[in-house]
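We're numbering straight along the sequence, starting at 1.
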Amino acid sequence: DDAAGREVVSVARQAQLDVPSLDVGTVAVLLPGPEWYIPVRNDGPSTFLPAVVESSSPEFTITGGTCELGVPVPPGSTCTVKVVLTPALPGVRTAQLTVSEDLFGGTSVTSPLLGQGGEPALLPTSSGLDFPATAVGKASPALSSDIANIGFAPTRIVRFHVTGDHPDDFVVYSNSCSTEPVNPGSSCGFDVVF
């Protein structure tokens with residue numbers, strides 16, 4: 001109380017980031033699979049300045065996205081990372097995706113990447129669904145995607161299973177895939193609600 005002038009206190013709070021895990025499915029060995037995108041959401045309270053985007057395995061290649069541009073991501077916004085799996089061997093392939101700031105004490109987030117090398121039968125024609133912000137307890141509009149049979153025999157899709165950090169938040173609303181087998185070169189569709 002005896003000091004003259006003002007005293008200023010500054011508090012720095014790091015951005016809290018959320019990034020989902022990604023399972024790209026089965027990809028033919030030594031051939032690049034489809035390009036998938038992963039959203040990195042900034043839950044605040046400060047702005048995130050992405051600068052480094054890395055995969056721990058050369059089989060999962062970073063092919064682009066807005067996180068690599070170094071553009072500030074304000075609270076409530078997202079940047080994206082695009083990834084392609086080119087498996088070197090058959091079997092399960094894993095890696096860690098890391099998105100971080102290039103600052104002293106900067107924020108960083110990691111997420112698992114999963115795939116399989118082998119003979120694929122199904123290929124999604126939309127490699128991700130980005131739902132709009134939705135109020136808790138309310139349903140988003142349904143988003144659609146297709147699945148193409150790229151194998152050599154008819155394939156029957158028996159069920160859809162949602163996995164990840166919050167699988168109960170997503171519902172397969174309708175689908176035309178489980179009614180009859182999907183022939184080679186054909187596709188079927190499904191709708192998902194958040």
Taking atom types as modelled, find out whether Glu35 and Thr63 have a side-chain donor-acceptor pair closer than 3.5 angstrom.
-> yes

Gly189 and Asp146 have their tightest heavy-atom pair at CA-OD1, 3.4 Å

Verdict with reasoning, Ser108 to Thr98, per side chain to side chain contact (heavy atoms under 4.5 Å, CB included) = CA-CA 7 Å; Ser108 177; Thr98 303; 3.6 Å; yes

For the residue pair Val84 and Pro32, what are the closest heavy atoms and their distance?
-> CG1-CB, 3.9 Å

Taking atom types as modelled and ignoring hydrogens, do the side chains of Ser174 and Asp191 form a donor-acceptor contact shorter than 3.5 angstrom?
-> yes

Begin with the C-alpha distance, continue with both residues' side-chain angles, and end with the deciding distance and a verdict on ring-ring contact (aromatic ring centres under 6.0 Å, His included) for Tyr173 and Phe190.
-> CA-CA 8 Å; Tyr173 182 68; Phe190 64 97; over 10 Å; no

Is the backbone N or O of Ala15 less than 3.5 Å from a side-chain atom of Ser46, with the two atoms forming a donor-acceptor pair by type?
-> yes

Dump the intermediate steps for side chain to side chain contact (heavy atoms under 4.5 Å, CB included) on Glu59 and Thr86, then the final yes or no.
-> CA-CA 5 Å; Glu59 292 178 304; Thr86 308; 5.8 Å; no

Taking all atoms of both residues into account, what is the closest heavy-atom pair of Val193 and Ala139, and its distance?
-> CG1-CB, 3.7 Å

Is the backbone N or O of Val73 less than 3.5 Å from a side-chain atom of Thr47, with the two atoms forming a donor-acceptor pair by type?
-> no

What is the minimum heavy-atom distance between Val182 and Asn149, and which atoms define it?
-> O-ND2, 2.7 Å

In terms of hydrophobic clustering (I, L, V, M, F, W, Y; side-chain heavy atoms under 4.5 Å; direct or indirect links), are Val171 and Phe131 co-clustered?
-> no

Quick one: does Pro184's side chain get under 4.5 Å of Pro154's, heavy atoms only?
-> yes

Interatomic distance, SG@Cys177 vs CZ@Arg159, rounded to 0.5 Å, equals 14.5 Å

CG (Leu30) and CG (Leu89) are apart, to the nearest 0.5 Å, by 8.0 Å

Hydrophobic cluster identity match, Leu114 and Leu123, side-chain contacts under 4.5 Å | no

Considering only heavy atoms from C-beta outward, does the side chain of Trp36 approach that of Lys82 to under 4.5 Å?
-> no

Could you go step by step and tell me if Ile157 and Ile147 meet the side chain to side chain contact (heavy atoms under 4.5 Å, CB included) rule?
-> CA-CA 10 Å; Ile157 298 172; Ile147 299 174; 4.2 Å; yes

Does Val53 reach the side chain of Val40, with side-chain heavy atoms less than 4.5 Å apart?
-> no

Supply the atom-to-atom distance Leu85 CG to Ser57 OG, rounded to the nearest 0.5 angstrom.
-> 8.0 Å

Can you tell me how far the CD atom of Gln16 sits from the CZ atom of Phe48, to the nearest 0.5 Å?
-> 11.5 Å

Considering residues, nucleotides and ligands other than Asp102, do more than 12 of their heavy atoms fall under 6.0 Å from its CG?
-> no

Taking all atoms of both residues into account, what is the closest heavy-atom pair of Phe60 and Thr94, and its distance?
-> CE1-C, 3.9 Å

So, does Thr66 use its side chain to make a donor-acceptor pair with the main chain of Thr80 at under 3.5 Å?
-> yes

Output for pair (Leu22 CG, Ile38 CD1), nearest 0.5 Å, gives 4.5 Å

Please step through side chain to side chain contact (heavy atoms under 4.5 Å, CB included) for the pair Asp168 and Val162, ending with a clear verdict.
-> CA-CA 8 Å; Asp168 295 337; Val162 180; over 6 Å; no

Note, Val81 side chain near Ile62 side chain (heavy atom, < 4.5 Å) | yes

Flag yes if Val27 and Val29 sit in one hydrophobic cluster, no otherwise; membership is Ile, Leu, Val, Met, Phe, Trp, Tyr, and two members link when side-chain heavy atoms are under 4.5 Å apart.
-> no

What distance do Ser111 atom OG and Leu17 atom CG have between them, rounded to the nearest 0.5 Å?
-> 11.5 Å

State, with a plain yes or no, whether a side-chain heavy atom of Asn42 is found less than 4.5 Å away from one of Ser77.
-> no

Quick one: are Val192 and Phe160 in side-chain contact, heavy atoms under 4.5 Å?
-> no

State which residue, out of Pro20, Ser21, Ser56, fulfils the side-chain contact (heavy atoms from CB on, under 4.5 Å) condition with Pro112.
-> Ser21

Measure the shortest side-chain to side-chain distance between Pro120 and Ile150 over non-hydrogen atoms and say whether it is less than 4.5 angstrom.
-> yes

Shortest non-hydrogen contact from Leu49 to Glu101?
-> N-OE2, 2.8 Å

